[in-house]
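Chain A is the first sequence line, chain B the second, and so forth, proteins listed ahead of strands; every chain is numbered from 1.
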Protein chains: 2
Amino acid sequence: MDNIKPETCRYGVEASLEIIVGKWKPIILLHLLHGGTKRFGELKRMLPDITQKMLTTQLRELEEQEIIMRKVYPEVPPRVEYSVTEYGRGLYDILQQMHEWGIAHLEYMAKKNSR
Amino acid sequence: MDNIKPETCRYGVEASLEIIVGKWKPIILLHLLHGGTKRFGELKRMLPDITQKMLTTQLRELEEQEIIMRKVYPEVPPRVEYSVTEYGRGLYDILQQMHEWGIAHLEYMAKKNSR
DNA sequence: CAGTATCCCGGCCGATACTG
DNA sequence: CAGTATCGGCCGGGATACTG
């Protein structure tokens, strides 16, 4: 990590973390990145263990950061669709790398614990 | 995010997060990655706002995951040195990307709020 | 110098019930 | 269908004091 000061890096890293940290945020993002636009109910079904309240709050927070877009169709019954913004797609590489390193780490720790 | 299932990615991403999430972990890692081996007191001085207890616990957790190494010199007064393991260096790319995306995000949000 | 030991608070998150 | 409202528990993290 040459020619980069920790004090400088820190803020960027923490800003990124603030976005993806949240019990359900990574998996919500992965679903939207992978499957495209989804309705509230679809997401709810894809995440069987999440409560409606948590799904709502996590989505609202991601929306506030402009990582996802919320589109409301004025129909009855209501329809609301969520999708990742162009801007939010920039998180793809980070999530991808975290995925790869994380899997390797899980295997490393598993092997270690089996010794 | 083609040909990768969210359910599969999820675990890797969360495993990575479990390591770098912690109020002081990113900056501790950045300091050790950037400045190499450091003593407990050096780190404490570099992070003026951290309490001794927090520094200890964050270091212990990173050590448990084998991201950093703790070396104790049997001297009086005691000397303890911390360094990033070869294995832990694999986090470099992730932190680097989070830094870049995060800085861009901060600027994006700053510009937005100034409109 | 490099830690422990206690005490304590705020906020994330879950359970549950209600609604336009 | 897609949300709010309310209550409550857990635990990450801080303040402070003590120690081999």
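E63(A) places its CD atom 9 Å from the P atom of dG3(D), with the value rounded to the nearest Å. Computed from coordinates, the L47(A) CG to dA2(D) C1' distance equals 16 Å when rounded to whole Å. Between the C1' atom of dA2(C) and the CZ atom of F40(B) lies a distance of 6 Å, rounded to the nearest Å. As a whole-Å value, the separation of L43(B) CG from dG3(C) C1' is 14 Å. At whole-Å resolution of the value, CG in L59(B) and P in dG3(C) are 8 Å apart. Going from atom CG of D49(A) over to atom P of dA15(C) covers 9 Å, rounded to whole Å. At whole-Å resolution of the value, CG in L55(B) and P in dG13(D) are 13 Å apart. Atom pair E42(B):CD and dA2(C):P shows a separation of 8 Å (rounding to whole Å applied).
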Close N/O contacts between protein and nucleotides 6-13 of chain C (under 3.5 Å):
| from | atom 1 | to | atom 2 | distance (Å) |
| --- | --- | --- | --- | --- |
| dC13(C) | OP1 | K23(A) | N | 2.9 |
| dC13(C) | OP2 | Q58(A) | NE2 | 3.4 |

Protein-nucleic acid N or O pairs under 3.5 Å, nucleotides 18-20 of chain D:
none

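At the phosphate of dG3(D), OP1 or OP2 sits under 4.0 Å from a side-chain N or O atom of R70(A). Distances shorter than 4.0 Å separate some side-chain N or O of R39(A) from OP1 or OP2 on dA2(D). A sub-4.0 Å separation between OP1 or OP2 of dA2(D) and a side-chain N or O of R60(A) is absent. The phosphate of dA2(D) (OP1 or OP2) has no side-chain N or O of R79(A) nearer than 4.0 angstrom.
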Parsed dot-bracket for DNA chain C after applying the Watson-Crick and G-U rules with both distances under 3.5 Å and | for other-strand partners is ||||||||||||||||||||

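Residues E63(B) and I68(B) have side chains in contact (heavy-atom distance under 4.5 Å, counting atoms from C-beta outward). Taking the side chain as every heavy atom from C-beta outward, E42(B) and E81(B) never approach each other to under 4.5 Å. For the pair H105(B)/M109(B), a side-chain contact is recorded, criterion being any heavy-atom separation below 4.5 Å from C-beta on. Within the 4.5 Å cutoff, side-chain heavy atoms of E7(A) are placed close to those of H31(B). Put simply, the side chain of L30(A) does not reach to within 4.5 Å of the side chain of H99(A), judged on heavy atoms. Residues I20(A) and M98(A) meet the side-chain proximity criterion, which asks for heavy atoms closer than 4.5 Å. Side-chain atoms of I28(A) and L55(A), non-hydrogen and from C-beta on, do get closer than 4.5 Å to each other. Side-chain contact between L59(B) and W24(B) is absent, with no heavy-atom pair separated by less than 4.5 Å.
Checking side-chain atoms of S16(A) against main-chain N and O of G102(B) turns up a donor-acceptor pair under 3.5 Å. For the pair K71(A) (side chain) and R79(A) (backbone), a donor-acceptor distance under 3.5 Å is absent.
Using a 4.0 Å heavy-atom cutoff across all strands shown, Y73(A) reaches no nucleic acid atom at all.
To the nearest 0.5 Å, atom CG of residue L29(A) and atom OH of residue Y82(A) are 13.5 Å apart.
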Verify side chain to side chain donor-acceptor pair (under 3.5 Å) between E100(A) and Q96(A), making sure each step is shown before the conclusion. CA-CA 6 Å; E100(A) 283 166 17; Q96(A) 176 65 20; 2.7 Å; yes

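Between P77(A) and T56(A), the residue anchored nearer the 5' end of DNA chain D, judged by the nucleotide with its closest heavy atom, is P77(A).
Taking the side chain of V80(A) as heavy atoms from C-beta on, and the options dG3(D), dA15(D), dG3(C), the nearest nucleotide is dG3(D).
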